[in-house]
Amino acid sequence: MSNILTIFIGMALINNFVLVKFLGLCPFFGVSKKLSNAASMGLAVTLVMFLASAVTWPITHYILAPLEAEFMSTVTYILVIATLVQIMELFIMRTNYGLYSAFGIYLALITTNCAVLGVTLVNARESFNFIESLASALGAGAGFALVLIIMSGIRERLDTSNLPKSMKGLPVAFLTAALLGLAFSGFSGMV
Amino acid sequence: MQLVAAILLVALIGLLCGLAIYIVYIRVPHKVPGLGKIDEINKLLPGMNCGACGYAGCFAFAQEVSRNPQLASQATCPMLLGNDEVIKQLEIALGVSIDTESMNKKAMLHCKGSSENLFDYSGVQSCKAASLLAGGFKRCPYACLGLGDCMRACKYDAISIDGDKGIAVIDYVKCTGCALCVRECPQNLINMVSGRSKVSYRCNYSEIRVIPGRERCNNGCTHCRKCFVACKYDAIIWNKEKAVPEFDSAKCTLCGECVAVCPTRTLEYFQPAISPYAV
Amino acid sequence: MGKWFKEFIKGLVLSNPIFVLALGLCPALAVTNSLDNALGMSAAVIFVLLCSNVLVALIRTWVASIVRIPVFIVIIATFVTMVSLTFEAYMPVLYESLGIYLPLIVVNCIILGRAEAFASRNRLSLSVADALGMGLGFTLAIVIIAVIRETLGSGSLSLFEHVLFSFPVLEQQPVSLFLLPAGAFLVIGLLLAAFRRVGLIKNE
Amino acid sequence: MRFSIIKRFYAIAFLTLVVIISASLLSLTYSLTAEQIKLRQHEQFLGYLGEMFPEMTGFEYNDELYYVYDDALLLGYAFTASKAGYSGDINIMVGLSDKETVKGVLIISQTETPGIGTRILDEPFIGQFAGMNVNDIRLRSEGGQADTITGATVSSKAVIEAISQAAKEKLAGING
């Protein structure tokens with residue numbers, strides 16, 4: 001049991017996917033303008049990561065490994081992730097269009113979200129068992145959502161402060177991410 | 001040989017994925033109930049997705065409005081206000097009459113600026129900066145500092161700074177209800193009220209109330225409730241947790257009882273038509 | 001011809017993938033701690049972006065719309081895996097230093113972003129222009145970032161093992177913050193603000 | 001009705017077709033580059049082994065342990081170890097001049113943060129193992145003699161633990 005917990009904490013905080021491992025930055029800067037979008041994006045990414053790990057683990061262990069076709073793992077993983085995202089996109093579009101239009105391009109970009117593929121690749125490399133890979137997916141998703149929510153909270157606050165014109169928007173987001181990155185590198189010695 | 005097996009199995013995965021997408025594409029109810037109507041309304045809307053109406057975009061606004069049509073008159077769609085024939089079509093589509101006047105929101109400043117300066121402030125000429133310095137240089141910590149943050153934010157230059165009183169003055173004719181100034185004011189003095197409202201409440205009491213032993217300027221509301229008692233048409237509703245009067249412009253007949261009875265003259269006429277700015 | 005050139009220039013500065021569109025940041029931040037890595041990565045990205053844009057533009061009329069994203073991403077993944085296999089076989093040094101970021105070109109948001117937003121909607125020649133423009137825009141951006149990060153972070157700037165120039169003072173006491181993830185964010189943020197101040201990119 | 005069936009299943013067929021083509025293309029490139037990669041890795045490994053034992057002429061490999069010879073004379077042993085460091089695996093080769101004393105340690109590949117993690121390559125850390133008894137290579141806190149680098153604890157701890165674990169498993173063969 002404790003191994004699962006260390007993996008979860010490890011993925012969420014210590015090598016947090018966004019600030020330490022640099023994965024999943026594109027939607028991170030795109031969606032984190034409004035807190036509500038950030039929360040739903042974080043949830044959507046965690047869900048996709050969880051399902052993706054659940055589906056890719058059996059594929060790796062029962063199809064790719066026995067046939068020594070590891071080189072095909074990237075293609076198969078990304079195919080599975082793209083399908084999951086496409087299905088989720090259809091669901092969100094049909095049930096709550098407001099959220100769908102708020103996501104805009106960034107929903108399609110979950111497919112290319114490096115963090116999601118990153119999780120599956122890390123699961124394969126660390127050769128976790130099924131439960132461990134689910135825990136690491138949840139950890140990574142939780143880490144991603146946590147940082148996304150912190151970031152959007154700060155960015156909403158920054159919008160009303162009077163920054164120099166050229167700083168408003170993206171540049172200040174990068175600087176906030178820099179400070180967050182420093183804070184998160186503090187976790188590195190924990191496990 | 002193994003590679004061929006791997007290729008076939010991966011192809012099988014591809015087939016399953018395609019099948020999954022296809023099944024979901026068919027199974028999920030293609031037509032959200034009333035989607036047709038939402039499309040119809042969405043076509044009428046400008047489609048700028050500017051968010052001024054407070055929704056995530058025109059389609060989201062159309063979705064909400066198709067659920068309850070009264071929303072159309074409360075939310076402001078600044079682009080829509082200009083052309084009337086689109087509003088007519090919207091009225092037909094929604095089956096409800098849209099009262100453009102109340103839809104057309106105005107910014108109201110909750111301060112008369114009569115609390116005197118504690119010290120003369122020569123720092124950065126912006127309300128945000130001044131308000132960071134111990135809540136501003138006025139005796140009342142939530143008064144309007146008149147350094148023009150809202151004026152700079154307003155695109156339609158509807159806001160100017162009144163020289164002697166040192167507070168912002170909102171020109172209700174020019175104001176289009178875009179609510180850009182609301183976010184700029186660090187003291188939360190400005191909020192959007194319906195264009196139809198008749199009486200304006202000129203004190204930021206709801207913010208000050210939290211500070212025990214707060215200083216009041218002579219025009220500050222003493223929360224004596226005389227206006228609430230005086231109003232014969234019960235057009236004033238007493239907001240309990242904020243302990244401030246709220247005005248229902250539909251019932252108000254502009255009899256002027258409340259404005260006359262208010263001991264600290266915090267209430268004023270708002271209706272732009274009657275007295276543009278009766279101080 | 002003008003239209004082709006306009007698309008090309010657009011990718012370089014006007015809608016530079018990193019500074020304006022804020023896409024493709026994952027490799028841009030991770031790999032720019034040394035100039036060789038940055039150049040290696042951008043060569044791979046340009047190659048994959050070009051091939052995928054060409055192929056996507058070719059098949060855009062046949063692909064059914066509900067499966068278009070999985071199809072595009074499979075094409076991109078194939079090109080990337082081929083690139084990473086050839087790198088591993090023939091250029092091991094570069095393969096070592098690019099590490100995990102080579103397979104992650106698949107999820108580099110520029111490639112699918114351009115394939116989805118541009119190549120699937122325009123003619124072949126325009127897609128090629130867009131691919132080249134975006135690729136060079138990406139290279140330009142990450143080279144600038146790499147130069148700054150490597151010089152400040154390790155005191156010297158080397159291009160394929162021969163040192164271009166080095167600062168003796170900085171060499172003893174390099175600002176190793178710039179080699180950390182946080183440093184990369186800092187550099188991009190300040191650069192973007194500077195470009196906006198200079199007017200190269202319009203403010204928000 | 002017929003047309004709509006084809007149209008409907010067209011999407012799935014198209015996706016499967018693309019996957020088949022891409023998978024076969026990949027297998028083709030894989031088979032082409034497979035021996036090249038193996039050759040490359042072998043060459044690289046030989047290089048490191050040669051660096052460790054300059055006068056080596058040949059070596060034998062059985063159950064994860066390399067026996068290094070200078071024609072008939074047994075020069076020593078070598079084994080590999082690897083563990084996940086800060087941002088990727090660290091592969092190490094440990095050379096032993098006899099059953100216990102370490103001749104030297106070499107880092108074959110690592111992707112640690114440059115400037116911080118890469119300090120495991122510098123002399124003071126990597127040199128400390130030469131001449132040490134292989135069983136003493138454990139963290140000071142666990143009674144060993146190897147000490148980590150301040151500021152790069154994650155990477156240096158990974159190296160020490162990798163060597164001690166690999167030593168336990170792989171040397172069991174000869175001293176067991």
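A note on names: the letters A, B, ... follow the listed sequences, proteins ahead of strands, and every chain is numbered from 1.
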(request) Kindly give the heavy-atom pair with the smallest separation between B:Ala11 and D:Thr16, and that separation in Å. (result)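 Reported closest heavy-atom pair: O-CG2, 3.6 Å.
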(message) Let me confirm one number: the CD1-CD1 distance from B:Ile7 to D:Ile21, rounded to the nearest 0.5 Å.
(response)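 CD1 of D:Ile21 is found 11.5 Å from CD1 of B:Ile7.
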(request) Output the distance between atom CG (B:Leu15) and atom CD1 (D:Ile12), rounded to the nearest 0.5 Å. (result)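 Between B:Leu15 CG and D:Ile12 CD1, I get 7.0 Å after rounding to 0.5 Å.
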(request) State, with a plain yes or no, whether a side-chain heavy atom of D:Val19 is found less than 4.5 Å away from one of B:Ile13. (result)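 Result no, sub-4.5 Å side-chain heavy-atom pair not found.
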